[in-house]
Every structure is written in structure tokens, then in C-alpha cells.
Amino acid sequence: MIRVVSRINDWRKLRRSGEFEHRSLGFVPTMGNLHAGHLSLIERCCAENELSVISIFVNPTQFDQQTDLEAYPRTLHDDLRMAEEAGVDYVLDPAFSELYPDEYRYKVTESPLSREFCGAHRPGHFDGVLTVVLKLLLLVRPTRTYMGEKDYQQFLLIRDMVEAFFLETEIIPCPIVRDTDGLALSSRNRNLSPEERKLASQFPALLKSPGTAKETAERLRKAGFEVDYVEDFDGRRLAAVRIGQTRLIDNIDVP
Ligand code: PAF
């Protein structure tokens, strides 16, 4: 049966108990509102490890806009049901005061990558992401940690942070899961109106269309997207666009 742990001290006691000794532990950090994209990570995590834990924590320090934080969908009841059905053993569901007893006096800052792409448009975003992920990794001490490739820049930054701080977990990148029309699954898709969702479906196709990153950005603008960036990096074409209040990101392999 799934166990939900909200108190950090309870989790630390549990983690030191015999239950975890000599057993592989898989971890999926999330902000909840689980969808098929998260499920693909969670199912792999459960299949490849003897024990599995997910965290559900909408991390305020990674939001640069209060309105974005407030609009972030919260669906804890459904999330717990989905996690249980997928075979998750533990859910960490801490309050802000539990995870940030320092009230964010201490943070992890990377440069230069965290200042590029999404970081250039969301000041402080990756400081918040890296700080919360470091806290979670130190608490969970997982054998393997599963990260989605949709947030490709995030995956690179976390992979490199694990190496930089000698953390003993293997970061496993997992492929993007897409809707039937190709749109990458994201909790933010829920915030799109039917009309916005129609426009969003053009995002992956336009991203894949031949040409330079600059040409792709131009095509996206012409189609009606507000473009934050389209850039080639690390063998990928990374892009972020806005439709109304909703920001979408995606990336594809570039030859
Ligand atoms: O990708 C996310 O959902 C978040 O950025 C993460 C990794 C859970 C940190 O809050």
C-alpha cells in the first residue's frame, strides 16, 4: 500500500530504517497534476527498482510570477490514486516550511547554462529548481532518479549538478510523451482554452519543420505564437512559446 509522508523528520526516520537497506530505490520528483508523461517515468521507476518514491511539491521558488504559481493545477487526490495504481511505494508531500526551514536563505546557482534559454526568460527559475532537487535528492538518497526530456535544459542542469556535488544517484532521462496530435504532455496544457489548444497543436510540427532555428522562430510567430526562444543546443532544438497566459516548451533532435 502507498504511504504518504508529509513530515521531513518522519521521512528521515523511515529512510534510516531497515526497510531500505540493500534495496534499490527509484525516485521521480514532480509538482503533481500527474499525466501520462509522469506515468511513463513512474512506471519505469517502479519496474527498475525494488522500492519507489515520488515527490509532489509545487515549488514556489522556481516560479518567477505569482500568477503562474497560483494557476498551477493542484490535483493531489487524483495524483495519489494514479501513483498507487502505478505501484509507487512512497509519496513525499511536504509543506513549504518543511522543505525550506531556511526560508530559501541557501540556494544552488549554476552558470552559465541556467542563464540561457528558459533561464533568460524566467529569472531565478533554475536556482529554485536546482535547490529543491538537491534538497530532495539528499533526503531521498535514490539509486536512480527519473527526469523527463521535455524539460531538457532542466535535465542537463540536474545531471551536471549531481556530478558536481558527487551525489550518488543515476539520472535517467526519459523520452517526451506526446498527445495524439504531437503536443508534448504538460500540466500547463490544462490551462489552454479550446482555441488555444488548437493553436498549440501546431507547435511540435512547426518545430520539426526544416530550416534554421531563426526560420523556425519566424514561422511560429507567423502562426500566432509569442516566441521566447528557439535555439539549437546539445544536439537538440529547444523552444519556448507563449499562447495567452500559458507558456509551452518542447525540444526535438537536430541532425
Ligand atoms: O519538472 C518539474 O516538475 C519540477 O521542475 C521539479 C523537477 C519537480 C522540481 O520542482
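As the structure lists them, so they are numbered: ligands from 1, and atoms in each ligand from 1. In this text the structure is predicted, and so the values were computed from the model without any measurement.
- In terms of modelled atom types and a separation under 3.5 Å, the side chain of E196 and the main chain of S193 share a donor-acceptor contact.
- A cation-pi arrangement is not found for R16 relative to F20, the charged atom failing to lie both closer than 6.0 Å to the ring centre and inside a 45° cone about the ring normal.
- Side-chain atoms of Y90 and E19 include a donor-acceptor pair closer than 3.5 Å.
- Judged by distance alone, with hydrogens and angles left aside, the side-chain atoms of D179 form no donor-acceptor pair with the main-chain N or O of L183 at under 3.5 Å.
- If you look at ligand 1, the protein residues with a non-hydrogen atom under 4.0 Å away are P29, T30, M31, N59, Q62, V132, V133, Q154.
- R197 and N189 are not linked by any side-chain donor-acceptor pair at a separation below 3.5 angstrom, with hydrogens and angles left out of the test.
- Between the side chains of T75 and N33, at least one donor-acceptor pair of N or O atoms lies under 3.5 Å.
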